[in-house]
Number of protein chains: 2
Amino acid sequence: MPDIKHFDPDTALETVVRLFWRQGATSTGIQDVVTATGLNRSSLYATFGGKQDLYRAALRRYVERHSQPAFRRLAADERGLPALTDFFAALIEARCTGEYARWGCMVANAHTGAESSDPEIRSLLDQHHQQLRDAMHTALVTAEAHGQVGPDTDLGAAADLLALLAYGVNLRSRAGADARTLSRSVTAALSSIGGRAAP
Amino acid sequence: MPDIKHFDPDTALETVVRLFWRQGATSTGIQDVVTATGLNRSSLYATFGGKQDLYRAALRRYVERHSQPAFRRLAADERGLPALTDFFAALIEARCTGEYARWGCMVANAHTGAESSDPEIRSLLDQHHQQLRDAMHTALVTAEAHGQVGPDTDLGAAADLLALLAYGVNLRSRAGADARTLSRSVTAALSSIGGRAAP
DNA sequence: CTCATCTCGGAACGACCGTTCCAAGATAGC
DNA sequence: GCTATCTTGGAACGGTCGTTCCGAGATGAG
């Protein structure tokens, strides 16, 4: 067998994810990738293909490693409304503090870029949205089974609403929106779904 | 007096707005602007300055000509909840059909771009958000005065929530979100603010 | 050790980026 | 008509873009 790769493609891709996540596709040059990952153009192109392929792989990885785990956690949570409360609390904390503060959501960010004209990217955005909505819906069904949902509530519409709210949080967090204000909005949405006032 | 401009800067800027609105700042080259406006680089730079100045001017114009009129209409509407219903209906129609379909909101789009690192742009984003939120709040106060708002409703939190919802609509509309689905989400939000079921 | 085969380093490519510059053209006052 | 002053057309700038290519280096099989 010939020579073997001198780097870990998985580690490199994670670095690329952070680059595209923070700066977007158009603002990130191949030179940035080369500098950040430490590997050179040859290895980059041989391993991942061109820039568009690289962005696609990065977005896929983001969804798998960041979005879907959160969705699964939400859908599997048996508590109902508290699961939704925790989901949004974790979202807001991740968006406003720590390493990824003010980076927003890479998928939400992708909505506005030129990258979204790529059919494969567009498909990823739609899948992501569907999965988010479905997780919301599952949590709401659980909540209803626990008698935590007010009467005459359309769970489907409520799931769509909460999904859109998440996009709003993601977007505004990039402009440095206050975590407290975001939390207050989320609380208002969730308490309007539940009976009436907070316990 | 010397020579006078052979074009209308206002018309040209409107063309530039549509360019930046649809494609974003980084994906739009000066050559695109030259081609779309029909005027040449010299006139462009002499009139508007560099690309960043041009984008700033375009975003300012967008807010003045598109956002603020809608905000003022909403805040001045004396009907309360129906004003909010109409606001969102008009928003969704503008985002999903007609000339600007799938363009989203230029201000929302600006949240994800590299352009938002510019302090002046950042300030514009915050102003825009504040104005949107305030218009929502004014409409909600009017609604409460008309007895259209359920008890124990935090109007401030509700205004924040509706503003975030608008950003969600703007973002998802760029990916081709279904107008019907968006409307359903908005209806759910508004009817949860009002008494309970729809009339 | 030798060789075939893949990886790595880095130069180089043409295209496009935003911006500048200057000569030619147009205009209003004299 | 002449001139001063601004606009206009378009070439040209250095820099960066994504991508390609090739020689050198590394590795495992025989």
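By convention in this document, chain letters (A, B, ...) are assigned in the order of the sequence lines, proteins followed by strands, and residues within each chain are numbered from 1.
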Roughly how many Å is it from CG in Asn40(A) to C1' in dG23(D), rounded to a whole number?
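To the nearest whole Å, that distance equals 14 Å.
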In whole angstrom, give the distance that lies between atom CD1 of Ile4(A) and atom P of dC8(C).
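My rounded result for the distance is 10 Å.
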Quick one: sort the Tyr100(A) and Trp103(A) rings into parallel, tilted or perpendicular, breaks at 30° and 60°.
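Correct class here is perpendicular.
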Quick one: which of dT7(C), dT19(C), dT8(D) gets closest to the side chain of Ile30(B)?
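Of dT7(C), dT19(C), dT8(D), dT19(C) is nearest to the side chain of Ile30(B).
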Neighbour count above 12 (heavy atom, 6.0 Å) for Glu93(B) CD:
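Open: at most 12 neighbouring heavy atoms sit under 6.0 Å from CD of Glu93(B).
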If you pin Ser27(B) and His6(B) to their nearest nucleotides in DNA chain C, which one's is more 5'?
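By nearest-heavy-atom nucleotide position, the 5'-most residue is Ser27(B).
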Value rounded to 0.5 Å, distance of CG in Asn109(B) from CG in Asn109(A)
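The CG atom of Asn109(B) sits 11.5 Å away from the CG atom of Asn109(A).
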Measure from CG on Leu39(B) to P on dG25(C) and round the result to the nearest Å.
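About 20 Å, once rounded to whole Å.
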Interatomic distance, Lys5(A) NZ vs dC6(C) C1' [rounded to whole Å]
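Going from NZ in Lys5(A) over to C1' in dC6(C) covers 9 Å.
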Gap separating the CG atom of Asp154(B) from the OG atom of Ser191(A), nearest 0.5 angstrom:
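These two atoms lie 9.0 Å from each other.
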In whole angstroms, how far is the C1' atom of dG18(D) from the CD atom of Glu115(A)?
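In whole Å, dG18(D) C1' lies 16 Å from Glu115(A) CD.
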Please state how far atom CZ in Phe7(B) lies from atom C1' in dG25(C), giving the value in whole angstrom units.
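Checked: the CZ to C1' distance equals 16 Å.
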Which one, dC8(C), dT19(C), dC17(D), comes nearest to the side chain of Arg41(B)?
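Closest of the options to the side chain of Arg41(B): dT19(C).
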Taking any heavy-atom pair under 4.0 Å as a contact, classify Thr47(B): base, sugar-phosphate, or nothing.
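Result for Thr47(B) = nothing.
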Would you kindly compare Asp32(A) and Ser42(A) by the position of their nearest DNA chain D nucleotide and give the one closer to the 5′ end?
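Mapping each residue to its closest nucleotide by heavy atoms, the 5'-most match is Asp32(A).
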Which of these nucleotides, dT8(D), dG25(C), dG9(C), is closest to any side-chain atom of Asp3(B)?
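For Asp3(B), the side-chain atoms sit closest to dG25(C).
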Between atom CG in Leu44(B) and atom P in dC6(D), what is the gap in whole Å?
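It is 20 Å, rounded to the nearest whole Å.
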Parallel, tilted or perpendicular: which one describes the rings of His128(B) and Tyr167(B), with boundaries at 30° and 60°?
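Answer is perpendicular, since the angle exceeds 60°.
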Closer than 4.0 Å, any side-chain N/O of Ser43(A) to the OP1 or OP2 of dC8(C)?
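Answer is yes, contact under 4.0 Å.
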To the side chain of Lys51(A), which of dG18(D), dG18(C), dT7(C) is closest?
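Of the options given, the side chain of Lys51(A) lies nearest dG18(D).
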d(CZ, Phe48(B); P, dT8(D)) in whole Å:
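Interatomic distance, CZ of Phe48(B) to P of dT8(D): 11 Å.
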